[in-house]
Amino acid sequence: MTERPRSDDVLSTLRNHPDFVSGADIASSLGITRAAVWKQIAKLRDSGYTIDASPAKGYRLTATPEYSIEEVRAGLGHLKFFPSKNIRFFTSLPSTNSTAAELVASEEADGLIVVADHQTAGRGRLARTWFSPPGVNIYMSAALRPDMPPKDATILTLLAGVAAASALREQTGVNIRLKWPNDLLVGSKKLGGILTEMRAIPDRIQFAVIGIGINVNARIADLPVDIHTLATSIADEAGAVYSRSMILSALIKSLDTWLAILSTQGKMPVISEWLKLSCTIGKTVSVLQGNTTVTGIAEDVDTEGFLLVRQCDGTLCSVYAGDVSHV
Ligand code: BTN
């Protein structure tokens, strides 16, 4: 008995017994003491599980929380990039991107996920605020040590978009499209966004943090009035409330799958899937890049993931960053 029991082992045992199961049976099936079982039951209750206890019959699971680390882990299975123990759950944080960066910088861990139910200083691209109320949405950051130069980082944002859009489409049926480089849209409204940040030495990324925010069960009418016409949520689009645990598990699995594709097959499969999901290609766009505005038709993305814009004088301009407006 060298390893400490995890509360999700006790949880699986409870799930396998729809009726009561005794503490002694749980203890012997997991090879732990009854005191350890009791500690894990207390931890599960703290996470929002309702567990009946009867001195004669043992324990019975009667309700699961809508959002908990145990529920997320239960949906994951084996992942290549994110070991289950590296997935950290917080009630409230200033920003999951900041915490993920601190953790990956201070630990040897590669492949770390930070999730929060609420952010007090959630941030978006171009120093914007990411409104992050508790109890309704997903705020997560994945920290990695990819073996690539900083100029390749755009592919990580496109990859996160592909992973998020495919997982959410599969789970909810909502027709999510990708706007270059980092927006998840339904029609012209924003359902989610991606913020990739990194620390690099001149020619290598030391670590990258991919932050993903998804409006899941927020009702946009309940949010600040200035975002009413700009934002949407899965609940508003699908007309139903979803389990964030289920959606987050699917999102993490999809991220893991696409990172495996990138590491074994390179950027092209990511780019071709991004193109299929994109609503930017073929549109007239206006991009503020530094001090200049590039206007033209978004034709393609290149092998780096940069947007190729055909200007009215016929020249093709490669856009590597900036705020894109669909005109
Ligand atoms: C954008 O569209 O501008 C990007 C939004 C990214 C928001 C997410 S929420 C989780 C992570 N933590 C943050 O502070 N930001 C990202």
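Each ligand, and each atom within it, is numbered from 1 in the order the structure gives.
- Remark: ligand 1 atoms within the under-4.0 Å shell around heavy atoms of Ser95 are 12 (N), 13 (C), 14 (O).
- Scanning the protein heavy atoms around atom 2 (O) of ligand 1, the nearest turns out to be Lys190 NZ, 2.5 Å.
- Counted by atom type alone, Thr64 and Arg15 present zero donor-acceptor pairs between their side chains at under 3.5 Å.
- Scanning all protein heavy atoms for the shortest distance to atom 10 (C) of ligand 1 gives Thr96 OG1, 3.2 Å.
- Close approach of ligand 1 to Gly124 is summarised as follows: ligand atoms under 4.0 Å from at least one heavy atom of the residue are 1 (C), 3 (O), 4 (C), 5 (C).
- At a heavy-atom cutoff of 4.0 Å, ligand 1 is contacted by the side chain of Ser141 but not by its backbone.
- Within the structure, the side chain to side chain donor-acceptor pair (under 3.5 Å) test picks out the following pairs touching residues 218-229 (sequence neighbours left out): Arg219-Asp236.
- Residue-level proximity to ligand 1 for Leu126 is absent, since no heavy atom of it falls below 4.0 angstrom.
- Only the backbone of Met140 comes within 4.0 Å of ligand 1, judged by heavy-atom distances.
- With respect to atom 8 (C) of ligand 1, the closest heavy atom belonging to the protein is Gly213 N, 3.6 Å.
- Under the 4.5 Å side-chain criterion, counting only non-hydrogen atoms from C-beta, Leu156 is in contact with Leu262.
- Asn97 and Ser95 share no side-chain donor-acceptor pair at under 3.5 Å.
- Relative to atom 16 (C) of ligand 1, the option among Lys179, Arg123, Arg125 with the closest non-hydrogen atom is Arg123.
- Of all protein heavy atoms, the one lying nearest to atom 5 (C) of ligand 1 is Trp130 CE3, 3.4 Å.
- Atoms of ligand 1 found under 4.0 Å from any heavy atom of Gly122 (numbered from 1 in listed order, with element): 14 (O).
- The atoms of ligand 1 that sit less than 4.0 Å from any heavy atom of Asn182 are 1 (C), 2 (O), 3 (O), 4 (C).
- Atom numbering of ligand 1 starts at 1 in the shown order; those under 4.0 Å from a heavy atom of Ile194 are 4 (C).
- One finds the OG atom of Ser12 at 11.0 Å from the CD1 atom of Ile26 (value rounded to the nearest 0.5 Å).
- Atom NZ of Lys39 has 12 or fewer heavy atoms from other residues, nucleotides or ligands within 6.0 Å.
- In terms of polar-atom proximity, Tyr139 is not counted as a contact of ligand 1, lacking any N or O under 3.5 Å from an N or O of the ligand.
- Connection of Val72 to Ile234 is established within a shared hydrophobic cluster, with ILVMFWY side chains joined at heavy-atom distances below 4.5 Å, either directly or through further cluster members.
- Residues Lys179 and Ser278 form no side-chain contact, since every pair of their non-hydrogen atoms from C-beta on lies 4.5 Å or further apart.
- Between the side chains of His326 and Thr280, at least one donor N or O sits under 3.5 Å from an acceptor N or O.
- Taking atom 12 (N) of ligand 1 as the reference point, the nearest protein heavy-atom neighbour is Gln119 OE1, 2.9 Å.
- A side-chain donor-acceptor contact under 3.5 Å links Gln119 and Ser132.
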